[in-house]
Amino acid sequence: MNTDIAIIGGGSAGALLAAQLSEEPTRRVLLIEAGEEATDPDIWNPAAWPALQGRSYDWDYRTEPQAGTAGRVHHWARGRMIGGSSCLHAMGYMRGHPGDFQAWVEATGDSRWGWDELQSAFRAIEDRSSSDEKKDPEAGPLPIYRPGEEVSPLARAFIEAGAALGLPRLDGHNDGRMIGVTPNSLNIRKGRRVTVADAWLTPEVRGRANLEILTGARARRITMDGNRARRIELVGRDGPIDVFSDLVVLCAGALESPALLMRSGIGPSDALKTAGVDCLIDMPDIGRHLQDHLLGAGNLYATRKHLPASRLQHSESMAYMRAGDFTATGQPQIVVGCGVAPIVSERFQAPDAGTAYSLLFGITHPTSRGHLQISGPELADRLIIDPAYLQTGDDRKLFRAALDAARTIGQADELAEWRERELRPGALNTTAEIDDFIANAVITHHHPCGTCRMGKDDGAVVNSDLRLKSLDNLYVVDASVMPSLTAGPIHAAVLAIAQTFARTLAASA
């Protein structure tokens, strides 16, 4: 099979790129996805979001036991279907804080990755019109819905509590002022989730003669000819498939993109040797610098009266702030979220729905860095995923501050109508007891990134154009290239990365 551009991975970045790059009718584009088309009707029901994890279209990765979280193994849900994790995530859409992207500029030396320069990319992604408004002709296809009357009365009381403590009131999280209180903006239209596939891979786009979408095909390895990627070996439903492409774009995500490179002999020589793979190009940082957000689940409260179920997706409001000061401004350090349900980790028993709620708590820019590596050369060989959760003193200190902020909000008068009593954590008398509760309470926020980081330093995996530094025609365009986390959910940033790459490629054609 021959094509001009092969995109490996049909998730958020891959689906957007397939639509954008196939706009040029003379360019043949092949989108390769290991999973199938999304068909489960629960995917489009926002309230069903937590129940999607562990189903057949979830990769359901497992981490190594984590010393920082009481030896626990964490399940990492990632979407295995066209649309990828945009079919599984909690639908929250947050661009991030300008300081997040300044870190990217400093890492790459390229102003394209700064907040101001990325604004046009964000605008090209987002549709902010309400369902009864005429759409802005320059808006993008992905709805950014700001809930109104559907917001839970509990979330409204949570917002009032935050404001009474000094947090500014915001109109969404996307104008650069993340510190404050607001309902979350969501990728929902008319009460239904909108996936990236829904937004970009419309019937019109799918009907293009120059775009082919190949499902049920997983990339086993890439073979090289000199300094060029020459052939992609796929395992399809009916056996092996070889793809020859002038340009290869990896959009398989922060786990599978580095894993494919390593299976192809590109990566840390020591890790490849251990996995039984000949090292063809030694790139020590592939698979390194793994980052993820954690949320404490949670600071749990029994209700005074029945709590109606969320009409949205359970996690309705995230309040970002500086640690230890509800009135401070700048780049956020911690977050407290309102869960309109009794959300707890697997270490705790959840009360019945309607009888309790959780305040989730976390830190925005963890300094712990993990890694992943392959355990063998084949697709069936498991990934060794070690996020190194809570391995730095700074992370543990900020998590204590986040828990303290959650409990301060949780005891505010504005929540008295709903709060009967605090169920967890209860009395914590020492730092060790606080850390032990946090270690047992935290769960992944599903934001892995950093494993093929972009940068100007010699160790960086891709350059600021997202080209793999050792090859001329292979690019990585997904969360793995992020040098550091944005303050909130990373989906908006991933889409902006893909949008920027598509524009750069078009300009260079």
request  = Could you please spell out the steps behind the side-chain hydrogen bond (donor to acceptor under 3.5 Å, both in side chains) verdict for Thr367 and Asp395?
outcome  = CA-CA 6 Å; Thr367 54; Asp395 286 358; 3.0 Å; yes
message = Does Asp386 form a side-chain hydrogen bond (donor to acceptor under 3.5 Å, both in side chains) with Gln66? I'd like the steps, not just the answer.
response = CA-CA 8 Å; Asp386 181 5; Gln66 293 296 291; 3.0 Å; yes
message = Between Asp127 and Ser129, is the side-chain hydrogen bond (donor to acceptor under 3.5 Å, both in side chains) condition met? List the steps.
response = CA-CA 6 Å; Asp127 176 11; Ser129 61; 2.6 Å; yes
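Taking the six-membered ring where tryptophan is involved, the planes of Tyr320 and His173 are perpendicular, since the angle between them exceeds 60° and thus also 30°. Taking the six-membered ring where tryptophan is involved, the planes of Trp115 and Phe101 are tilted, since the angle between them lies from 30° to 60°. The aromatic rings of His89 and His491 sit perpendicular, their planes meeting at an angle over 60°, well past the 30° parallel limit.
For Asp404, the side chain to side chain contact (heavy atoms under 4.5 Å, CB included) partners two or more places apart in sequence, or in a different chain, are Thr408. Remark: Arg424 pairs with no residue by the side-chain hydrogen bond (donor to acceptor under 3.5 Å, both in side chains) rule, at least two apart or across chains. Among residues two or more places apart in sequence or in another chain, the side chain to side chain contact (heavy atoms under 4.5 Å, CB included) test is passed with His446 by Gln53, Ala77, Arg78, Thr444. Shown here are the side chain to side chain contact (heavy atoms under 4.5 Å, CB included) partners of Ala328, two or more places apart in sequence or in another chain: Arg322, Asp325.
By the 4.5 Å heavy-atom criterion applied to side chains, Met454 and Trp104 are counted as neighbours. Taking 4.5 Å as the limit, every side-chain heavy atom of Gln20 sits out of range of all side-chain heavy atoms of Arg503. Side-chain contact check for Tyr145 versus Asn187: every heavy-atom pair is 4.5 Å or farther apart. A heavy-atom distance below 4.5 Å is not found between the side chains of Leu250 and Val477. Looking only at side-chain heavy atoms (C-beta outward), Phe501 and Val249 come within less than 4.5 Å of each other.
Asp465 places no side-chain N or O within 3.5 Å of a backbone atom of Arg467 that could act as its donor or acceptor partner. Arg156 contributes a side-chain N or O that, together with a main-chain N or O of Val151, makes up a donor-acceptor pair within less than 3.5 Å. Judged by distance alone, with hydrogens and angles left aside, the side-chain atoms of Trp113 form a donor-acceptor pair with the main-chain N or O of Ser464 at under 3.5 Å. No donor-acceptor pair closer than 3.5 Å links the side chain of Asn299 to the backbone N or O of Ser358. Looking only at distances, a side-chain donor or acceptor of Ser310 sits under 3.5 Å from a matching main-chain atom of Gln313. Of the possible polar contacts, one joining the Ser86 side chain to the Val196 backbone as a donor-acceptor pair under 3.5 Å is found. Using modelled atom types, one side-chain atom of Ser368 and one backbone atom of Gln391 make a donor-acceptor pair closer than 3.5 Å. Under the 3.5 Å distance criterion, the side-chain polar atoms of Trp44 are left unmatched by any main-chain donor or acceptor of Val194. Between the side chain of His293 and the backbone N or O of Thr486 there is at least one donor-acceptor pair closer than 3.5 Å.
Taking each heavy atom of Val462 and Val481 in turn, the nearest pair found is CG2-CG1, 4.0 Å. Nearest heavy atoms, Leu485 versus His447: CD2-O, 3.5 Å. Nearest heavy-atom pair across Gly410 and Tyr301 is CA-OH, 3.3 Å. Across every non-hydrogen atom of Asp292 and Pro366, the tightest pair is O-CG, 3.5 Å. Annotation for Ser345 and Ile443: closest pair CB-CG2, 3.7 Å, computed over non-hydrogen atoms. The nearest pair of heavy atoms linking Pro284 to Pro268 is O-CG, 3.4 Å.
A side-chain N or O of Arg453 and one of His289 form a donor-acceptor pair less than 3.5 Å apart. The closest side-chain donor-acceptor pair between His75 and Arg62 falls under 3.5 angstrom.
A salt bridge does not link Glu316 with Arg311: every distance from a Lys NZ or Arg NE/NH1/NH2 to an Asp or Glu carboxylate oxygen is 4.0 Å or more. The pair Arg193-Asp198 does not count as a salt bridge, with every side-chain nitrogen at least 4.0 angstrom from each carboxylate oxygen. At a threshold of 4.0 Å, the pair Arg80-Glu33 does not count as salt-bridged, since none of the basic side-chain nitrogens sits closer than that to a carboxylate oxygen.
Pairs engaging residues 166-182 under the salt bridge (charged side-chain N to carboxylate O under 4.0 Å, His left out) rule: Arg146-Asp171, Glu160-Arg169, Asp175-Arg177 [sequence neighbours left out].
In summary, the aromatic rings of Phe437 and Phe348 are positioned with their centroids under 6.0 Å apart.
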Please list, one pair per line, the donor and acceptor atoms closer than 3.5 Å that link side chains of residues 254-262 to other protein atoms, with sequence neighbours excluded.
residue, atom, partner, partner atom, Å
Glu256, OE1, Arg218, NH2, 3.4
Glu256, OE2, Tyr61, OH, 2.7
Glu256, OE2, Arg218, NH2, 3.2
Ser257, OG, Ala252, N, 3.1
Ser257, OG, Gly253, N, 3.4
Ser257, OG, Gly253, O, 3.4
Ser257, OG, Asp478, OD2, 2.7

